[in-house]
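This report concerns only the one structure given below.
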Amino acid sequence: MGRARRARKIAATAAYGGGGVAAAGAAIGALGYGVIKVEAALARRVIGSPFDDSPDDNGVYGSGSGTPYELVVLGDSSAAGMGADAPHETVGAIISSGVAALTGRPVRLVNRAVVGAQSSDLERQLASALEEVLRPDVVLVMVGANDVTNRIDRPTAVRHLEQAVRRARALGCEVVVGTCPDLGTIRPIQQPLRALMKRWSRDLAAAQTVAVVEAGGRTVSLGDLLGEEFTSSPHEMFSRDRFHPSAAGYAHAAAALLPSVCAALHVWGADTGDRAPEPLRGESVGPVAVAAGQAVREAGAEVAPTQVAGESRGPRGRWAVLRRRRRSPVPPATDPLPPEDPGPGAAGEGRSGGGTTVTGT
């Protein structure tokens, strides 16, 4: 079964509330649970100890005039910024500074991501954010790695993500989802575990794309964004634990996400408009499952809902457009301005937590 078909099947199962671990169990059974446990134990030795906490990046970025854009960040430790040394080095902070620099308007960042979070935690995180921001302009989600490392049933994980996206879209918020990164590129994880993680994470990313686009959001493939850099410049791109990105790694991820966030906001910026696809760049319009299967192979590829002849759906599901946006240099992040009235919980309630595994993120 091709990845597009698997993605469509996982997303369809999620939509109808199904699940089960038969597929994952069969894949693991081929090699044996014992081998996987041994490889996980070895990975625990190679990967450094996780950090105790992530920076608190909540606040207002940029010093321009006008009503601040409101950006909510949800997800796991990649969204929380675990591994960054300072608040302005997280993905949310860098994107907030980038939007502020492009528009001349400040950006208020509300980050409710939690270290070790899975997709099932997203609705709780969103509810917490909405207590502070009634209607965010954009909700940015980065999640999936812990669903893979904890062997969470993929349709179940996708269903939780889709529900969170639909709730945000029902409020009129734009949603950008950075899909599950390719965990098969993390070198401290050895074969055969690395090969399994590669397939699981890419299949989950494709299914996430189908579900998010069906729900009205857009996705950006994080894929093997840091794969080559880990090999060539591990000390620069990855933090001390050899798993979570460093400040340079988070800037790399933010550069892939920023154009799509700007497009969602309809703000000026290089290649950020919802333009027609350019076939010479490998861009196209087609069924969402096909676009999802293509996107996971290239970090930075965006998939968004579209229409064909005035119709949003075709015989093979929702129409989607695959774009490869040109990445512009990300403006350097600035320290946030002190919030006027942070109120209770402004420090990011539960920004760190338990439940991580050897490769928890």
Side-chain angles (χ1 to χ4, degrees), residues 57 61 69-76 78-81 90-100 102-103 107-113 119 122 125-126 129 133 135-144 158 161-181 205-206 208-223 225 250-267 269 271-275 288 291-292 295-296 298-306 318 320-328 330:
D57 56 2
Y61 293 79
Y69 288 110
E70 292 184 313
L71 172 66
V72 163
V73 174
L74 312 175
D76 53 30
S78 60
T90 68
V91 169
I94 295 171
I95 289 177
S96 297
S97 296
V99 172
L102 288 169
T103 64
V107 177
R108 182 188 183 200
L109 172 62
V110 176
N111 193 332
R112 290 294 177 266
S119 296
L122 291 175
Q125 293 178 15
L126 179 59
V133 182
R135 184 186 167 188
D137 294 291
V138 177
V139 175
L140 174 64
V141 183
M142 300 173 68
V143 76
V158 170
L161 172 61
E162 182 177 11
Q163 288 172 347
V165 173
R166 288 191 183 280
R167 181 178 180 187
R169 291 293 294 142
L171 296 173
C173 309
E174 295 291 336
V175 180
V176 177
V177 176
T179 56
C180 181
Q208 286 176 323
T209 298
V210 173
V212 170
V213 173
E214 288 279 4
R218 69 180 78 203
T219 63
V220 178
S221 171
L222 297 182
L225 189 68
Y250 282 126
H252 207 58
L257 291 162
L258 178 60
S260 294
V261 172
C262 289
L265 287 170
H266 304 287
V267 299
D271 192 36
T272 58
D274 282 334
R275 54 170 173 74
V288 62
V296 296
E298 183 177 343
E302 178 195 279
V303 180
T306 191
R318 184 76 178 253
V321 56
L322 172 68
R323 292 189 180 91
R324 293 173 169 84
R325 297 190 183 277
R326 299 180 180 89
R327 296 186 210 166
S328 300
V330 177

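Index from 1, following the sequence.
Within the 3.5 Å criterion, the main-chain N or O of Leu71 finds no donor-acceptor partner in the side chain of Asp137. Put simply, the side chain of Glu174 never gets that close to the backbone of Leu265: no donor and acceptor are under 3.5 Å apart.
Here the closest non-hydrogen pair linking Pro305 and Gly217 is CD-O, 3.1 Å. Ala292 and Ala206 get closest at one heavy-atom pair: CB-O, 3.4 Å. Scanning both residues, Leu109 and Gly92, for their nearest heavy atoms gives CD2-C, 3.6 Å. Taking each heavy atom of Ala215 and Arg166 in turn, the nearest pair found is CB-CG, 3.5 Å. Considering every non-hydrogen atom in both Arg218 and Ala264, the closest pair reads NH2-CA, 3.9 Å. Closest approach of Ser221 and Val296 over heavy atoms only: OG-CA, 3.7 Å.
Summarising the geometry, atom CG belonging to Leu161 is positioned 11.0 Å from atom SG belonging to Cys180; distances are rounded to the nearest 0.5 Å. Considering OG1 of Thr209 and CD of Glu214, their distance stands at 11.5 Å, rounded to 0.5 Å. Here the CG atom belonging to Leu126 is positioned 5.5 Å from the CG atom belonging to Leu74, to the nearest 0.5 angstrom. For the atom pair CD of Glu162 and CG of Leu122, the computed distance is 12.5 Å after rounding to the nearest 0.5 Å. Annotation: the span from Leu222 atom CG to Met142 atom CE amounts to 5.0 Å, rounded to 0.5 Å. Taking OG1 of Thr103 as the reference point, atom NE2 of His266 lies at 14.5 Å (rounded to 0.5 Å).
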Q: Let me see the working for Thr90 and Ile95 under side chain to side chain contact (heavy atoms under 4.5 Å, CB included), right down to the final yes or no.
A: CA-CA 9 Å; Thr90 68; Ile95 289 177; over 6 Å; no

Q. Can you check side chain to side chain contact (heavy atoms under 4.5 Å, CB included) on Arg325 and Val220, steps first, answer last?
A. CA-CA 10 Å; Arg325 297 190 183 277; Val220 178; over 6 Å; no

Q: Apply side chain to side chain contact (heavy atoms under 4.5 Å, CB included) to the pair Val175 and Arg169, showing each step before the final yes or no.
A: CA-CA 7 Å; Val175 180; Arg169 291 293 294 142; 3.9 Å; yes

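You'll find the side chain of Cys262 reaches within 4.5 Å of the side chain of Leu102, heavy atoms only. Under the 4.5 Å side-chain criterion, counting only non-hydrogen atoms from C-beta, Val143 is in contact with Gln208.
Applying the salt bridge (Lys or Arg N to Asp or Glu O under 4.0 Å) test to Arg135 and every residue at least two apart in sequence or in another chain returns nothing.
Under the 3.5 Å distance criterion, with hydrogens and angles disregarded, a donor-acceptor pair is assigned to the side chains of Ser260 and Glu302.
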